[in-house]
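The next block holds one structure in the form of structure tokens; read it before the comments.
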Protein chains: 2
Amino acid sequence: MNRESNMINDEQAVDIFKALSNQIRVNILQMLKEPDNNFSPQAHVIKGKGFDGGVCVSDICSKVGLSQSTTSQYLSILLQSELVEMKRIGQWTYYRRNEKTIKQFEKYIGLKI
Amino acid sequence: MNRESNMINDEQAVDIFKALSNQIRVNILQMLKEPDNNFSPQAHVIKGKGFDGGVCVSDICSKVGLSQSTTSQYLSILLQSELVEMKRIGQWTYYRRNEKTIKQFEKYIGLKI
DNA sequence: TAGAGATATCGCAAATTATCAATATCCTTT
DNA sequence: AAAGGATATTGATAATTTGCGATATCTCTA
């Protein structure tokens, strides 16, 4: 029951549009689709620990070529819009795509846009 | 042949995200889905003349409650991203959704985001 | 517990966006 | 040709975003 619970609202959708209104943030989301292919072989990509595919900030940072502070801030914008999720393990913070939100967003586009 | 011709590129996609990163512009696009239901009965909604469903700027303007200049500018942002198309007929400029781009955008989200 | 590494936050200057009033342009009609 | 209505453009200011360096916080290890 309650199919609506899967639907994001207009406000959330605009937040997502804002998050994606920057090429580099889009790139980050795209790179996270295939962490193993898109980051250096020695990159810190998680297997196991309940957070498969998570990539740590410094690897994303060196890949996108922006400063650490900007990269961190962009990740937090993606996090706030729930396009990604994060988990801190030790001194590293791992980010990965939040496929649930992305699916809901796709659905929103099809129905509401 | 050439299935790729239907696919928008990353840059176009970011332009679309920017266009949609504003609630009012999203509202305009949504209202244009059903012009007859969303505008006043005496609104200037086109039937025929090869531009069915087109709505003129002043009707959109009074509906969204922003100034004429802002409304016009928002429409031109939507036009540049090709989310809408326009046709000038006499002294009126009619805008309507560009379903082709919207479909391509939907496809882009599914494949690239 | 002091240092070192990873990430987040703060403060800032530059660039961009939001929004309006005023003005210009384009059509139509007289 | 002039007036008037519809839309676009311009100029201006306030607000937001971009992106950085500096600093703070957190966590591990010596």
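In what follows, every chain begins at residue 1, and chains take the letters A, B, ... in the order their sequences are listed. Model, not experiment: these values are computed from the prediction.
Of the candidate nucleotides D:dG4, D:dC28, C:dA8, C:dA8 has the atom nearest to the side chain of A:Tyr95. If you check C:dT9, D:dG19, D:dT7 against the side chain of A:Ser72, the one that comes closest is C:dT9. Considering only the side chain of B:Val57, D:dA8 comes nearest among D:dA8, D:dG19, C:dA8. Distances were taken from every side-chain heavy atom of B:Gln73 (C-beta onward) to each of D:dA6, D:dC20, C:dC20; the shortest belongs to C:dC20.
Taking atom NE2 of residue B:His44 and atom P of nucleotide D:dG5, one finds them 14 Å apart after rounding to whole Å. As rounded to whole Å, 6 Å separates atom C1' of D:dG19 from atom OH of A:Tyr74. When rounded to the nearest whole Å, the span between CG of A:Leu75 and C1' of C:dT7 equals 10 Å. The nearest whole Å value for the distance from the CD1 atom in A:Ile77 to the C1' atom in C:dT9 is 13 Å. Distance, A:Lys87 NZ to D:dC26 C1': 17 Å, rounded to whole Å. As rounded to whole Å, 6 Å separates atom C1' of C:dT28 from atom CD of B:Gln91. Between A:Tyr94 atom OH and C:dA8 atom C1' there is a gap of 17 Å when expressed in whole angstrom units.
Centroid-to-centroid, the aromatic rings of B:His44 and B:Phe39 stay 6.0 Å apart or farther.
Looking only at atom types and distance, the side chain of B:Asp10 has a donor-acceptor partner in the side chain of B:Tyr108 under 3.5 Å away.
Among pairs with a residue in residues 19-48 of chain B, those fulfilling salt bridge (Lys or Arg N to Asp or Glu O under 4.0 Å) read B:Asp36-B:Lys47, at least two apart in sequence or across chains.
Of the possible donor and acceptor atoms, none in the side chain of A:Lys87 sits under 3.5 Å from a partner among the backbone N and O of A:Gly50. Distance alone, capped at 3.5 Å, places no donor-acceptor pair between the A:Ser72 side chain and the A:Gln68 backbone.
Residues B:Leu20 and B:Val26 come closest through the heavy atom pair O-CG2, 3.2 Å. Between A:Asn38 and A:Met31, the shortest heavy-atom contact is ND2-O, 2.9 Å. The two residues A:Leu83 and A:Ala19 have their closest heavy-atom pair at CD1-CB, 4.1 Å.
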Quick test: give all pairs of protein nitrogen or oxygen and nucleotides 21-25 of chain C nitrogen or oxygen below 3.5 Å, distance rounded to 0.1 Å.
from   : atom 1 : to      : atom 2 : distance (Å)
C:dA21 : N6     : B:Ser69 : OG     : 3.0

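Annotation: the span from A:Ile109 atom CD1 to B:Ile102 atom CD1 amounts to 10.0 Å, rounded to 0.5 Å.
Looking at heavy-atom distances under 4.0 Å, B:Leu66 makes contact with sugar-phosphate atoms alone, never a base. Among the atoms of the strands shown, none is found under 4.0 Å from any heavy atom of A:Cys61.
Remark: B:Asn22, B:Arg25 in residues 12-34 of chain B come within less than 4.0 Å of DNA chain C through at least one heavy atom.
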